[in-house]
Amino acid sequence: MHQDRLRQLARSSGLAAGIRWARRLRRDAQAVVARNLAAIEAASAYRWAEKNCRPLTHFAESLEPTLWLETERFAMDLENRHAAEFEHLRRTIRLGGGADYRLLYFLTRLTRPEVVVETGVAAGWSSAAILRALQVNGSGRLWSSELVYSRPTIHADYRPFVGMVVDEDLKDRWTLLLEGDRVNLPRIVTDCGPIDLFHFDSDKSFAGREFAFDVIRSRLAENAIVMFDDITDNLHFRRLARRPGSPWVVTGPRASVGVIWEGIHARVVHESAESVKPRGRRPTPRTQPR
Ligand SMILES: C[S@@+](CC[C@H](N)C(=O)[O-])C[C@H]1O[C@@H](n2cnc3c(N)ncnc32)[C@H](O)[C@@H]1O
């Protein structure tokens with residue numbers, strides 16, 4: 001009764017409208033602050049990544065020059081067959097852009113992983129690279145996590161385009177789940193066995209990256225490779241790289257790819273002046289949760 005009376009009074013005196021206005025103002029101000037903080041973080045991540053970036057060709061050729069030539073041939077073939085159609089879909093239905101599929105093909109061929117897990121499929125450039133390399137290797141399986149959500153303003157049915165650049169003859173090595181990382185990844189790690197290569201290219205927020213890494217890290221095989229795409233979006237990869245005992249490299253176009261891999265040879269490991277001293281804790285073995 002009292003409350004109804006108070007509401008009536010607030011309405012007639014204009015107080016309610018004032019409160020709504022103040023709340024809206026606070027929400028807008030919070031959004032502006034959040035956007036600015038994100039922009040500052042991205043700028044800082046970009047400066048760090050650029051300073052530490054190793055050109056992809058140097059990185060790959062220092063590991064295995066002949067394999068890099070094979071990689072270039074693979075990439076050229078893939079692009080010749082699909083680039084035009086993809087470009088059209090990228091513009092019309094805003095299909096997500098391709099990851100660094102050269103590096104993925106190269107590392108998959110080089111290290112011959114048995115279990116590969118990736119997040120973010122879109123047209124499937126990364127999936128096609130990993131799957132082709134697994135096929136050439138003659139063994140291994142890829143588990144992919146994608147989120148097919150309705151995008152009415154973009155396209156009524158996005159599903160047919162997921163993995164469109166992946167050839168049919170590669171699909172018997174592929175398990176593709178479409179319910180998003182938060183549902184897919186816990187399922188994948190239960191089924192897939194120790195992960196030799198993990199590639200992240202889905203929800204690029206700090207929380208999205210952290211969630212995925214938290215799920216997979218205790219399931220990584222000895223000497224596993226962990227790759228993050230678009231590392232200049234925020235400081236997530238820099239934080240990972242700064243953990244003691246994790247050899248890492250930043251490479252790719254616009255310093256966009258971060259790789260953590262205990263198998264990187266000393267000569268290609270990051271040699272930054274910034275190199276971080278262990279802070280009291282001994283490096284944790286790769287197979288232990290961190
Ligand atoms: C940049 S695209 C991936 C490109 C792909 N790796 C390639 O090389 O073609 C990012 C994809 O992540 C997907 N995605 C976004 N949030 C996701 C989530 N929470 N879980 C799984 N996939 C997600 C998007 O639908 C989009 O298709």
Side-chain angles (χ1 to χ4, degrees), residues 34-53 96-101 103-104 107 113 115-122 125-127 130 142-149 176-190 192 195-221 224-262 264 270 276 284 286 288-290:
R35 266 202 304 278
N36 284 339
L37 285 176
I40 291 169
E41 183 177 350
S44 173
Y46 182 74
R47 272 197 307 277
W48 176 83
E50 202 188 25
K51 191 177 93 189
N52 291 293
C53 184
D100 204 319
Y101 46 90
L103 183 56
L104 279 167
L107 288 178
V115 175
V116 185
V117 176
E118 71 162 347
T119 72
V121 177
W125 296 91
S126 51
S127 320
I130 295 163
L142 170 64
W143 305 73
S144 302
S145 164
E146 168 62 53
L147 177 63
V148 172
Y149 50 97
L176 171 60
L177 304 182
L178 300 175
E179 290 173 73
D181 295 346
R182 293 194 181 247
V183 174
N184 299 336
L185 281 178
R187 283 190 191 154
I188 290 175
V189 297
T190 309
C192 71
I195 303 165
D196 299 301
L197 171 58
F198 174 72
H199 179 246
F200 184 91
D201 191 19
S202 50
D203 170 3
K204 309 288 173 62
S205 67
F206 199 104
R209 293 169 192 269
E210 196 163 52
F211 170 82
F213 191 65
D214 279 349
V215 174
I216 61 113
R217 67 180 169 178
S218 63
R219 312 296 177 123
L220 291 173
I225 299 174
V226 176
M227 274 174 73
F228 280 88
D229 201 41
D230 291 325
I231 59 167
T232 57
D233 287 355
N234 52 48
L235 291 169
H236 179 265
F237 187 79
R238 189 180 84 175
R239 203 181 65 172
L240 273 191
R242 284 182 162 179
R243 291 172 324 163
S246 298
W248 55 272
V249 71
V250 170
T251 184
R254 300 174 312 283
S256 57
V257 184
V259 184
I260 292 196
W261 175 24
E262 288 177 5
I264 300 178
H270 158 74
V276 178
T284 319
R286 173 66 69 183
Q288 296 297 310
R290 275 178 285 223

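We count residues from 1, following the sequence as given.
- With a 4.5 Å cut-off on side-chain heavy atoms, L185 and V117 count as touching.
- Judged by distance alone, the side chain of E118 and the main-chain N or O of D201 form no donor-acceptor pair under 3.5 Å.
- Contact detail for S145 and N184: the closest heavy-atom pair is OG-ND2, 3.0 Å.
- Here OG1 of T251 is found 6.5 Å from CG of L103. Values are rounded to the nearest 0.5 Å.
- The distance from the CD1 atom of I130 to the CG atom of L104 is 4.5 Å, given to the nearest 0.5 Å.
- Counting heavy atoms from C-beta on, the side chains of C192 and R219 never come closer than 4.5 Å.
- When all heavy atoms are compared, the tightest approach of P113 to V116 is CG-CG2, 3.6 Å.
- To the nearest 0.5 Å, the span separating NE2 on H199 from OG1 on T119 amounts to 7.5 Å.
- When atom types are taken as modelled, the side chain of E50 and the backbone of R254 share no donor-acceptor pair closer than 3.5 angstrom.
- Of all heavy-atom pairs between S144 and S127, the closest is OG-OG, 4.2 Å.
- The side chain to side chain contact (heavy atoms under 4.5 Å, CB included) with D196 is formed by just one residue from the set V115, L107, L220; it is V115.
- Counting only distance, with no hydrogens or angles, the side chain of R209 and the backbone of F206 share no donor-acceptor pair below 3.5 Å.
- For the pair W248 (side chain) and A241 (backbone), a donor-acceptor distance under 3.5 Å is present.
- Smallest separation of non-hydrogen atoms from V215 and S218: O-OG, 4.4 Å.
- Closest heavy-atom contact between A212 and F198: CB-CZ, 4.2 Å.
- Relative to the six-membered ring of F211, R182 meets both conditions, a distance below 6.0 Å and an angle of at most 45° to the axis.
- How far OG of S256 is from CG of D100: 6.5 Å, rounded to the nearest 0.5 Å.
- In this structure, C53 and G252 approach most closely via the heavy-atom pair SG-O, 4.1 Å.
- Inter-residue side-chain proximity for D181 and F200 is flagged as met; some heavy-atom pair is nearer than 4.5 Å.
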Show me the donor-acceptor pairs within less than 3.5 Å that the side chains of residues 226-234 make with the rest of the protein, sequence neighbours left out.
unit_1 : atom_1 : unit_2 : atom_2 : d
D230   : OD2    : K204   : NZ     : 2.6
N234   : OD1    : H236   : N      : 3.2
N234   : ND2    : K204   : O      : 3.0

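- In this structure, the side chains of F237 and V250 come closer than 4.5 Å at one or more pairs of heavy atoms.
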